[in-house]
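Residues: numbered from 1 along the sequence shown. Remember, it's 1-based here, ligands and their atoms both numbered in the order they're listed.
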Amino acid sequence: MSAISQPGNQNLSSIAGQFVASGNIRRISPLGNGNVNDTFLVEPHEAEGEAFVMQRVNTDVFRSPERVMHNLLTVSRHVDDKLSNSPVELEGRRWEMPRVIRLKHTDGHWVEEHGDFWRGISYIGAAVTLDVVDSIEQARQVGYGLGMFHNLISDLPADELEDTLEGFHITPTYLRHHDQVLKQRNKPLDAEEQACQDFIDSHRSIAAVLEDAKEKGVLQLRPIHGDPKVNNLMMDAESGKAIALVDLDTVKPGLVHYDIGDCLRSGCNPLGEETADLENVVFDLQLCESILEGYLSTARSFLTDADFIYLFDAMRLIPFELGLRFFTDHLEGNRYFKVCDQRQNLKRARVQFNLCASVEAQEDKIKSLIGRLR
Ligand code: GN1
Ligand code: MG
């Protein structure tokens, strides 16, 4: 079951035909496993143009998709300028930014059909993505990729970006929403749901840690990616080096801590976020060390002392927050994250809570690691 239905093939070809000549389209197939938007790869007949990514933006989530496009265009323009005008140390790799594809017959950047919002984005070829990290070198590349992305947008003023997803990564807001949903529920929680609820109740005190620091001016808003999970990083197919961070819908002003926390909760979970093996979910400290090393190798210069102080909090908070989001969506009947079965968001929540518990169990080691890398 999907939160939004799959459009028919006929429809897909006619939409793709607004970006490229229809006669050139050889195949349109689903791409990746995003939880929110619908993504397709459009491939041309050989030697007739380049493959591109076609996406239906979920407008229940992104209520102003034109603002999402504004951010995407702003960020790619900024990075293009920076890469062509000032030397950036790329350690001998290419760095690619996903590019918005224009419509064939107008100046526009998107198609609206039957209330759906479609856009085309360049496809980064000769590259692979990973669902989980399984080597120290991959971990370093994941960290480097996020660090380079932050590095490239670090001098883009945050106020040039729109707030495309209000409340995104604001844990206290998710918690308030969860409490309302729970209050309106008219049946008791089962044992698995209760386990999630107990975890949430025992962690209420951590929910506001980053927002409080932001309110106090200790941490500052910057342009961020918002969703740098491992499979949004692209690695060169031959060298294995990180060459792009894709899926730029959630680029907006935020705290780099949301990104670092999200990258680590995804990159340090060798079983992946869909695992059924709950008992064995762990936050892998060695992978964490390599991701942070890779990140800091290119991002250290713009991190403040306060940024370092809140790193552990971010590593604990973001898996908690995602677990809370999955669990609340489960209680609400799976309206936000796409699911294949009714209990999938509940299982996903349990994975994130176990990850959060594993971070907590290693608090001392993680803090001394941060101290060493600082
Ligand atoms: C969603 O759709 P996808 O997979 O790119 C979500 C992220 C979560 C992620 C968990 C806009 O991202 O915040 O971390 O699922 N994106 C949005 O897999 O909510
Ligand atoms: Mg995403």
Side-chain angles (χ1 to χ4, degrees), residues 2-4 30-40 53 55-65 67-69 71-72 75 98 117 119 121 129-133 142 145-146 149 161-171 173-174 177-178 210 224-234 244-255 257-269 271-275 281 314-315 317-330 332 334-340 344-356:
S2 157
I4 39 183
L31 182 68
N33 45 10
N35 290 328
V36 174
N37 295 327
D38 290 334
T39 309
F40 301 89
V53 176
Q55 263 188 329
R56 175 162 62 161
V57 177
N58 181 339
T59 48
D60 289 337
V61 171
F62 298 102
R63 304 260 168 167
S64 308
R67 289 200 201 161
V68 172
M69 298 306 281
N71 285 358
L72 229 168
V75 161
F117 186 103
R119 58 155 185 226
I121 303 212
T129 55
L130 318 164
D131 274 323
V132 292
V133 173
V142 165
L146 178 62
F149 186 84
L161 297 175
E162 306 265 5
D163 186 354
T164 46
L165 198 50
E166 219 182 298
F168 191 52
H169 287 310
I170 312 292
T171 314
T173 306
Y174 292 122
H177 177 61
H178 162 272
L210 294 181
I224 62 157
H225 180 279
D227 185 16
K229 59 180 182 182
V230 164
N231 62 11
N232 281 333
L233 274 143
M234 304 208 71
L245 182 53
V246 299
D247 189 12
L248 305 184
D249 304 313
T250 46
V251 164
K252 68 188 204 82
L255 298 178
H257 296 74
Y258 305 152
D259 276 358
I260 299 171
D262 196 63
C263 184
L264 290 168
R265 66 122 199 114
S266 162
C268 305
N269 170 10
L271 295 180
E273 57 186 80
E274 300 290 345
T275 183
V281 171
M315 288 157 72
L317 185 65
I318 301 299
F320 171 72
E321 176 191 274
L322 185 57
L324 173 67
R325 294 173 63 202
F326 282 142
F327 182 55
T328 308
D329 198 36
H330 165 76
E332 285 198 289
N334 309 310
R335 296 189 203 160
Y336 187 102
F337 297 104
K338 293 189 225 171
V339 290
C340 299
Q344 190 173 0
N345 277 323
L346 176 62
K347 304 274 182 220
R348 287 169 171 160
R350 296 201 65 195
V351 172
Q352 294 304 315
F353 290 147
N354 284 2
L355 207 53
C356 174

_Asn37, portion touching ligand 1 at heavy-atom distance under 4.0 Å_ = neither
_Can you confirm whether Leu322 sits close enough to Lys229 that some side-chain heavy atom of one is under 4.5 Å from a side-chain heavy atom of the other?_
no
*Report yes if the side chains of Asp38 and Lys338 come closer than 4.5 Å at any heavy-atom pair, otherwise no.*
yes
*Which of these, Phe62, Tyr336, Phe168, has its nearest heavy atom closest to atom 19 (O) of ligand 1?*
Tyr336
_Nearest neighbour in protein (non-hydrogen) for atom 8 (C) of ligand 1_ = Leu322 CD1, 3.9 Å
*How long is the gap from CG on Asn345 to OG1 on Thr328, to the nearest 0.5 Å?*
10.0 Å
*Sidechain N-carboxylate O distance under 4.0 Å for Arg348, Glu274*: yes
*Taking side chain as C-beta onward, heavy atoms only, is Leu324 less than 4.5 Å from Thr171?*
yes
*Provide the tally of protein N/O/S atoms nearer than 2.8 Å to the Mg ion (ligand 2).*
2
*Give a yes or no on whether the backbone of Met234 and the side-chain of Thr129 come within a donor-acceptor separation of less than 3.5 Å.*
no
*Atoms of ligand 1 less than 4.0 Å from Thr250 heavy atoms?*
11 (C)
*asked:* Within this structure, what is the OG-CE distance for the pair Ser64 and Met69, rounded to the nearest 0.5 Å?
replied: 13.5 Å
*To the nearest 0.5 angstrom, please state how far the CG atom of Leu346 sits from the CG atom of Asp329.*
11.5 Å
*Which value, rounded to the nearest 0.5 Å, describes the distance between Glu273 atom CD and Arg265 atom CZ?*
4.5 Å
*Looking at residues at least two apart in the chain, or sitting in another chain, which of them share a ring-ring contact (aromatic ring centres under 6.0 Å, His included) with His169?*
Tyr258
_With a 4.0 Å cut-off on heavy atoms, is Arg265 in contact with ligand 1?_
yes
*Before signing off on this row, confirm whether Asn232 and ligand 1 have an N or O atom pair separated by under 3.5 Å.*
no
*At a non-hydrogen distance cut-off of under 4.0 Å, which region of Asp247 contacts ligand 1 (side chain, backbone, both, or neither)?*
side chain
*With a 4.0 Å heavy-atom cut-off (strictly under), which part of Asp227 contacts ligand 1: side chain, backbone, both or neither?*
side chain
_Proximal atoms of ligand 1 relative to Gly34 (non-hydrogen, under 4.0 Å)_ = 2 (O), 4 (O)
*To the nearest 0.1 Å, how far is atom 4 (O) of ligand 1 from its closest protein heavy atom, and which atom is that?*
Lys229 NZ, 2.6 Å
*Among all protein heavy atoms, pick the one closest to atom 15 (O) of ligand 1 and tell me residue, atom and distance.*
Asn35 ND2, 3.1 Å
_My understanding is that only residues two or more places apart in sequence, or in another chain, count here; which of them pass ring-ring contact (aromatic ring centres under 6.0 Å, His included) with Phe62?_
none
*Top protein contact for atom 16 (N) of ligand 1, by heavy-atom distance*: Val36 CG2, 3.9 Å
*Which residues pass the side-chain contact (heavy atoms from CB on, under 4.5 Å) test with Ala314, sequence neighbours left out?*
Leu210, His257
*Identify the protein heavy atom lying closest to atom 6 (C) of ligand 1, giving its residue, its atom name and the separation to 0.1 Å.*
Phe337 CE2, 3.9 Å
*With a 4.0 Å cut-off on heavy atoms, does Arg325 reach ligand 1?*
yes
*Which distance, rounded to the nearest 0.5 Å, do you find between the NE2 of His225 and the CD1 of Ile260?*
14.0 Å
*asked:* Please compare His169, Glu273, Arg348 and report which has the shortest non-hydrogen distance to atom 18 (O) of ligand 1.
replied: Glu273
